[in-house]
Amino acid sequence: MSNEEMLQAQTSTGQVVEVPHHDHHGEHHHHETFITKYVFSQDHKMIAKQFLVTGMIWAILGGLMSVLFRLQLAYPDATFPWLETLLGKWAKGGHLSAEAYYALVTTHGTVLVFFVLTAGLSGTFANFLIPLQIGARDMASPFLNMLSYWFFFTAGVVMLSSLFVETGPFSGGWTAYPPLSALGSASPGSKTGMDLWLISMALFVVSSLLGGLNYIATILNMRTKGMSMTRLPLTIWALFFTAILGVLSFPVLLSGFILLIFDRNFGTSFYLSDIYVNGVGALPNEGGSAILYQHLFWFLGHPEVYIIILPAMGIVSEVMSTNARKPIFGYMAMIGSLFAIAVLAFLVWAHHMFVSGLNPFLGSFFVLLTLLIAVPSAIKVFNWLTTLWRGNIRFTPGMLFSIGFVSMFISGGLTGIFLGNSALDIYLHDTYFIVAHFHIVMGVAGMFGMYAGIYHWFPKMFGRYLNNTLAYLHFWITFTGAYLIFWPMHYEGLAGMPRRYYDFSNWESFKMFGGVNIFISVVAMIVFAAQIMFLINFFYSVFKGKKVTSQNPWGSNTLEWTTPILPGHGNWVGEIPEVHRWAYDYGKDGKDFISQTTPVGAEESSH
């Protein structure tokens, strides 16, 4: 059954709205060249697509890196001649070198966390949805918006170039802890590759700040008539808090990187003291502390978790309410929990540092705050489940990924309670338990939120539908595979198996996990293949997918579905519509849905 057949008679009057394609540019019609329309575009919708496609390219590169190092973990003694063809001197004789392994692990973590789950998720949906859902022609500053993308693109180019320098990319872990990151002599992967990593990340921070300030200014100042803050869709609330988190925390990370550049190149000792390299005499650096870097990094690093997960939460709330044909349960509680998460995100960073020699009293303080953050998270889970309860659910691909997100968030969040307790964390820290926890609750859940958004708003982005059969295959392989990959890692971690090790075959205590590692690696390759299938579906559908003929194919209430099927620069032809109600009037007074632009009737029941 096609999307449009599923959604017959979904308008408030019971009729399907048929709207032809429009090429109008609203009130902003002007002649555009290929360069100004597709390359240096100042249209928020095009910039969103640029973020999305760039993020997808990095997702494939980062995923491929994980396949390569999982191959090493599964078959530590095997040789693969094609590896030498692909990686050259980093895989002589078809066997991945230790240096290449650590470089792959580091780059994989960096690009997935920052370039895919931060820029790819927030950059895409904040740019695309904020003007459309609040009723604005564009962002507050289209020019700064364009700059934010090109800073991100440049950061990606610099990061990519580090893969081709002679000494290789940075290999000291995506957190870049000193002294490996502060001393070029520490390892080959700490030389030029590290400098490029720092430059790339500095450019990325600039991109994030430009974007975040733009999103905040747009939401606060450019809402259409009637769009009060309490009528905003939850997607906009989530993106608003995400932007605030980024603006407040990314400068701290940048300061940490600047001090690191000084230590590397100008003889300072912010992070270095009493360092010996290869058993030779002590370096002259004195008085620095690597713990200072950890504080600066994790002051961003923990809000970063929520910079990734909050947009996914907003997307899931919107997609779930639309496809359950029910109002979102507890709208104000959802906003309150978003606010609580945003505040607590700044107060829990040191739970990453329980084994760093942190004062035990301080540790207990951070344990309390870390466990406290479970409360607003639980409110959100309860409200999502209650929204689903007795709903008239349509299992669209976007809806499946939203439900998958909730599943991942619950199971990954529960293991977070283990790790938030310092007594347990001291044992589990830097084991595969950590890898399992943060990949499920942040990595996979964040990707599921992104996929839910792509499947839901693809018709509005490109005026076409994705192939449903491939979409369902994509969901079930990814959902099942994610649990099969990461759930067994919990048991490896409980047995004390440390992460980031190149070869476990020399440890008697970890040899028993050889079969598990092979299983995990094989499933990882299958899941990676499913993402390639999604890419094929995506790019084929952009040009050849079934055309959208209904202005509002999902029967949704929010403002983006009142624009033409393919809105031009300016979004609306003529006046921007006025808003009269909140975004979640589904199944009300005998009507399937009521758009935000519909005036409230005198006899209408209140929500």
Side-chain angles (χ1 to χ4, degrees), residues 25-28 30 32-55 58 114-115 118-159 199-224 227 232 235-255 257-258 300 303-304 307 310-311 314 461 560 567-571 576:
H25 291 265
E27 297 176 3
H28 290 254
H30 57 275
E32 289 187 305
T33 65
F34 179 86
I35 297 293
T36 58
K37 185 173 182 180
Y38 295 106
V39 183
F40 297 110
S41 175
Q42 294 188 32
D43 180 357
H44 70 98
K45 298 179 295 298
M46 183 57 64
I47 293 170
K49 293 172 191 175
Q50 290 174 326
F51 269 105
L52 177 59
V53 172
T54 309
W58 273 114
F114 294 110
F115 292 178
T118 303
L121 183 52
S122 282
T124 298
F125 291 104
N127 270 300
F128 190 75
L129 293 178
I130 288 173
L132 286 171
Q133 289 198 333
I134 70 170
R137 296 286 182 195
D138 209 310
M139 284 290 176
S141 173
F143 178 73
L144 286 184
N145 206 22
M146 177 191 75
L147 278 185
S148 76
Y149 170 72
W150 283 105
F151 269 105
F152 165 53
F153 181 84
T154 309
V157 170
V158 174
M159 185 66 72
I199 293 166
S200 172
M201 291 308 302
L203 291 167
F204 174 79
V205 170
V206 174
S207 164
S208 298
L209 292 174
L210 289 173
L213 290 168
N214 223 346
Y215 306 152
I216 294 167
T218 305
I219 293 168
L220 291 179
N221 296 317
M222 299 185 68
R223 302 187 307 279
T224 188
M227 181 63 85
L232 288 173
T235 37
I236 302 302
W237 273 109
L239 292 164
F240 178 62
F241 285 124
T242 301
I244 292 171
L245 282 175
V247 166
L248 294 178
S249 60
F250 269 115
V252 178
L253 180 71
L254 184 60
S255 68
F257 287 161
I258 290 170
L300 167 278
E304 172 67 18
I307 287 169
L310 286 183
M461 283 186 176
E560 72 269 29
H569 196 172
N571 299 333
I576 298 174

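Fair warning: this is a prediction, and the values are worked out from it, not measured in the lab.
- Judged by distance alone, the side chain of Thr224 and the main-chain N or O of Met227 form no donor-acceptor pair under 3.5 Å.
- Shown here are the side chain to side chain donor-acceptor pair (under 3.5 Å) partners of Ser148, two or more places apart in sequence or in another chain: there are none.
- Atoms CG and CG, from Asn127 and Leu132 in turn, are 10.5 Å apart once rounded to the nearest 0.5 Å.
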The test is side-chain contact (heavy atoms from CB on, under 4.5 Å); show your working for Tyr215 and Met139 and say whether it passes. CA-CA 7 Å; Tyr215 306 152; Met139 284 290 176; 3.6 Å; yes

Could you walk me through whether Phe152 and Phe204 pass the side-chain contact (heavy atoms from CB on, under 4.5 Å) check? CA-CA 5 Å; Phe152 165 53; Phe204 174 79; 4.1 Å; yes

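- When all heavy atoms of Ala136 and Met222 are compared, the pair lying nearest together is CB-O, 3.6 Å.
- Contact annotation: the side chain of Ile216 approaches that of Leu220 to within less than 4.5 Å [non-hydrogen atoms, C-beta and beyond].
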Would you be so kind as to tabulate the donor-acceptor pairs closer than 3.5 Å made by side chains of residues 118-126, with sequence neighbours excluded?
residue	atom	partner	partner atom	Å
Thr118	OG1	Val113	O	2.8
Thr118	OG1	Glu304	OE2	2.3
Thr124	OG1	Leu52	N	3.2
Thr124	OG1	Gly120	O	2.5

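- To the nearest 0.5 angstrom, Phe114 atom CZ is 13.5 Å from Trp58 atom CH2.
- When all heavy atoms of Gly156 and Phe115 are compared, the closest pair comes out as CA-CE1, 3.8 Å.
- Contact of the Gln42 side chain with the Asn145 side chain is not registered, since no non-hydrogen atoms from C-beta on lie closer than 4.5 Å.
- Put simply, CG on Leu147 and OG on Ser141 are 8.0 Å apart, with the number rounded to the nearest 0.5 Å.
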Without placing hydrogens or testing angles, list every side-chain donor-acceptor pair under 3.5 Å for residues 235-255, not counting sequence neighbours.
residue	atom	partner	partner atom	Å
Thr235	OG1	Gln133	OE1	2.5
Trp237	NE1	Met229	O	3.0
Trp237	NE1	Tyr331	OH	3.3
Thr242	OG1	Ala238	O	2.7
Ser249	OG	Leu245	O	2.6
Ser255	OG	Val252	O	2.6

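- Atom NZ of Lys49 is separated from atom CZ of Phe128 by 7.0 Å, given to the nearest 0.5 angstrom.
- For the residue pair Lys45 / Asn571, a side-chain donor-acceptor distance below 3.5 Å is found, with atom types taken as modelled.
- The structure places CH2 of Trp150 at 6.0 Å from CD of Gln50, a figure rounded to the nearest 0.5 Å.
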Between Phe51 and Tyr149, does a ring pair (Phe, Tyr, Trp, His ring centres under 6.0 Å) hold up when you go through it step by step? CA-CA 7 Å; Phe51 269 105; Tyr149 170 72; 5.3 Å; yes

Hey, mind stepping through Met159 and Met201 against side-chain contact (heavy atoms from CB on, under 4.5 Å) and telling me if it holds? CA-CA 8 Å; Met159 185 66 72; Met201 291 308 302; 4.2 Å; yes

Ile130 and Ile219: CA distance, side-chain angles, deciding distance, side-chain contact (heavy atoms from CB on, under 4.5 Å) verdict: CA-CA 7 Å; Ile130 288 173; Ile219 293 168; 3.7 Å; yes

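- In this structure, the separation between OG on Ser208 and CZ on Phe151 is 11.5 Å, given to the nearest 0.5 Å.
- When all heavy atoms are compared, the tightest approach of Thr218 to Ala140 is OG1-N, 2.9 Å.
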